[in-house]
Amino acid sequence: MRPAPASAVVIAIAALASLACARPEKSAAEASGAPAAAPAARPAPGSTAAEPREDRRRDPFTYANYEAVRVTDLALDIDVLFDEKALDGTATLAFERVDPAASTLVLDTNDLDIRSLEAGDGATWSPTPFTLGADDPDLGSRLEITLPENASAVRIAYRTHPNAAALQWVAPEGTAGKRRPFMYSQNQSINARSMAPVQDTPAVRMTYSAIVRTPKDLRAVMSAENDTGPTDGEYAFRMPQPVPAYLLAIAAGDIAFRPLSDTIGVYAEPSVIGAAAAEFSDTPEMERIASLLYGPYKWGRYDLLILPPSFPFGGMENPRLSFMTPTLIAGDKSLTGVVAHELAHSWSGNLVTNASWSDAWLNEGVTSYVENRVMEAVYGRERALMEQSLSLDQLKEEIAAQEHPELTRLRLPMALAHPDDAFSEVAYAKGEFFLRFLEERFGREAFDVFLKAWFNTHAFKAVTSDDFRAFLDDRLVAANPNAVSVAEIDEWLDGAGLPATTPAPKSAAFERVDQVRKAWLDDVTPASAIGANAWTTQEWLHFIKGLPEEASADRLKELDLAFDLTASRNAEIAFAWQMKAISAGYAPAMPAVESFLTRIGRGKFIYPLYRALKDKGDLANAERIFERARASYHPIAQRRIEEILQAQN
Ligand code: BES
Ligand code: ZN
């Protein structure tokens, strides 16, 4: 372990502000337009003494005293109050004393209204003293509870705030049906504390259960064993496997269900469910493949929930019930990589969890690798190679734009400004390519055995990069010491930028696209003759992203006349095209940009579009569109876009 010198850490924090194209979302700092001055490094709120060496197991983004007392179970009993935009009820937390002498339990909260707090043994309760600390805009408030000697649980009556960071309260107009409201949570990375008092760190796991009451005609669903009873406004949930708080999830709305197999299905609004079931009908095959490769699926059922279009992510791997954006429903299964990705988290992330967000690559990078293996098995090698190639291009772009090399390391500094800053293309694609490098060196067969054993050995545990390296040495390097050198692994884990040993995916389809793009740009082939009518979404994305920066509006018009790209119903193609249209000043696409921005709230698309409009000198237009669209966006997205539009650059 090489602790970064303090100055490097400060540089790293400043640099987070300039991470370009972070996936799946950019941090507030990034969106704000990269102030040169570093925000102050965060002290670790749970640690009392200054640490001489970096401790990569202690999560700096929680107040919880989990080294001394650990929450083991959460029982919620809550009402979903749409009019008040609040969850209201009780949270009962059972805990165990790791330190038998511990006399306080520290929880994370953010904007919670605590009405009463009792301690007990699960059967009898009595009020116990507590203090709520100062409010930090990101971390919230520390809730310190005095524990009577015989107490093994606390019961907290509370209500969430209407602006709780985790919760979006979608008005009927923002839904597919337009008649009933919808609400959902998004807890990763540190929003769980605005939904319930918890130990909000990936290092602590708990089982949970819930009683949830909604208006009678709405259905509640959770990341748990769902209630299969009638839609009657009262639902019971149970999550028997322990999960970190960031995987606690709830949604309520006019939600129907359709099975895809005995153990897999789709929840969505009634008007969306048919299209969703058709688009995602390969999910059972994906689960079969992943289980063959990496061991049995350990979570019982696997269902998908299709959210309203304002959901700010592509997908969120809530256990047993991934939350998905409706923008994946393209009609041709071309965007199902996100399903493979969220499903893959059932092994990497949900089962084997990073102990702190600075090791996010162990979560997202391993998942991206597994995702691609599943895509290869289900859709073939060429599709997998195209998706690898698109990821690598994105990673190279981001590394090139990154002024601060510390932030291109897989093992990130512990002192990030915000844990969301760990989720850049480095965690996803560099992590994915690291595993692909290992696969190449040790051979697929041996590497598959290794990765399966990694999941199995560390199931339901929190892990660090050091754990991964030790397991790698033990299970692969020891038997095959010449396959990789220590220096090569060092470079992958702690080196900046793209290692010299990065595998190069070669897609024959993309090579053909490169040739026809060039022939068209050189005026050798007219647009109508480039043979694009049979292209897959991935070929289109490669074609559009490879158009030169200086492509003129006239050239885009030629393409549009031949292929009607402005009217594309595929969200990825529409987005890639609109980015080029904005930078070329191609006016005929502008109504489509505005319509896209007022219909869709997925951050991956809308933040770059707003930024592009602004960079093109069209700030007034961007502000006008934002005014129209604003109320339909998730609160997090609203804040991000405000920062993008206000930034002084
Ligand atoms: N876990 C992430 C989403 C996330 C990350 C939410 C960090 C909050 C903080 C999810 O698995 C994810 O990566 N989603 C991607 C799609 C994926 C295929 C790259 C997305 O939302 O775009
Ligand atoms: Zn992910």
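Position 1 is the first residue of the sequence; numbering continues from there. The figures here come from the full heavy-atom set of this structure, side chains too, leaving out hydrogens, waters and symmetry mates. Both ligands and their constituent atoms are indexed starting at 1 by order of listing.
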- [ ] Please confirm whether Trp577 and Phe596 have ring centers closer than 6.0 angstrom.
- [x] no

Task: Metal site angle (apex the Zn ion (ligand 2)), NE2 from His341 and NE2 from His345, 10 degrees - done: 100°

TODO: For Gly315 and ligand 1, answer yes if some heavy atom of the residue is under 4.0 Å from a ligand atom, otherwise no.
DONE: yes

TODO: Identify, with sequence neighbours excluded, every residue that meets salt bridge (charged side-chain N to carboxylate O under 4.0 Å, His left out) alongside Lys580.
DONE: Glu549

Task: Lys/Arg-Asp/Glu bridge criterion (N-O < 4.0 Å) met for Lys604, Glu572 - done: yes

Task: For His345, atoms of ligand 1 separated by under 4.0 Å from a heavy atom - done: 11 (O)

Task: Numbering as shown, the atoms of ligand 1 that approach Glu342 to under 4.0 Å (heavy-atom distance) - done: 10 (C), 11 (O), 12 (C), 14 (N), 16 (C)

- [ ] Flag the pair Phe450 / Phe468 as yes when their ring centroid distance falls below 6.0 Å, and as no otherwise.
- [x] yes

Open item on the list: Does only the side chain of Phe423 get under 4.0 Å from ligand 1, or the backbone, or both, or neither? Count heavy atoms.
Closed with: side chain

- [ ] Report yes if Gly314 has an N/O atom closer than 3.5 Å to an N/O atom of ligand 1; otherwise report no.
- [x] yes

TODO: Please list, chain by chain and in numerical order, all residues satisfying salt bridge (charged side-chain N to carboxylate O under 4.0 Å, His left out) with Glu285, sequence neighbours excluded.
DONE: Arg288

Open item on the list: Test your reading of the structure: does Glu371 have an N or O sitting under 3.5 Å from an N or O of ligand 1?
Closed with: no

TODO: Could you check whether the rings of Trp535 and Trp540 sit parallel, tilted or perpendicular, using 30° and 60° as the cut-offs?
DONE: perpendicular

Task: Ser348 and Tyr369: side chain donor to acceptor below 3.5 Å - done: no

TODO: Taking only heavy atoms of Glu317 into account, list the atoms of ligand 1 that are under 4.0 Å away from them.
DONE: 1 (N), 2 (C), 10 (C), 11 (O)

Task: Lys604 N/O to ligand 1 N/O under 3.5 Å - done: no

Task: Atoms in ligand 1 flagged as close to Gln186, the criterion being non-hydrogen separation under 4.0 Å - done: 6 (C), 8 (C)

Task: Glu342 backbone or side-chain N/O/S under 2.8 Å from the Zn ion (ligand 2) - done: no

Open item on the list: With carbon and hydrogen excluded and only N/O/S kept, which atom of Glu364 is nearest the Zn ion (ligand 2)?
Closed with: OE1

TODO: Output yes when the distance from some N or O of ligand 1 to some N or O of Ser189 is under 3.5 Å, and no in every other case.
DONE: no

Task: Geometric cation-pi criterion Arg436 and Phe433, 6.0 Å radius, 45° cone - done: yes

Task: Glu425, Arg602, Gln188: member with heavy atom nearest to atom 5 (C) of ligand 1 - done: Gln188

Task: Step-by-step side chain to side chain contact (heavy atoms under 4.5 Å, CB included) determination, Tyr297 to Thr263 - done: CA-CA 11 Å; Tyr297 177 79; Thr263 55; over 6 Å; no

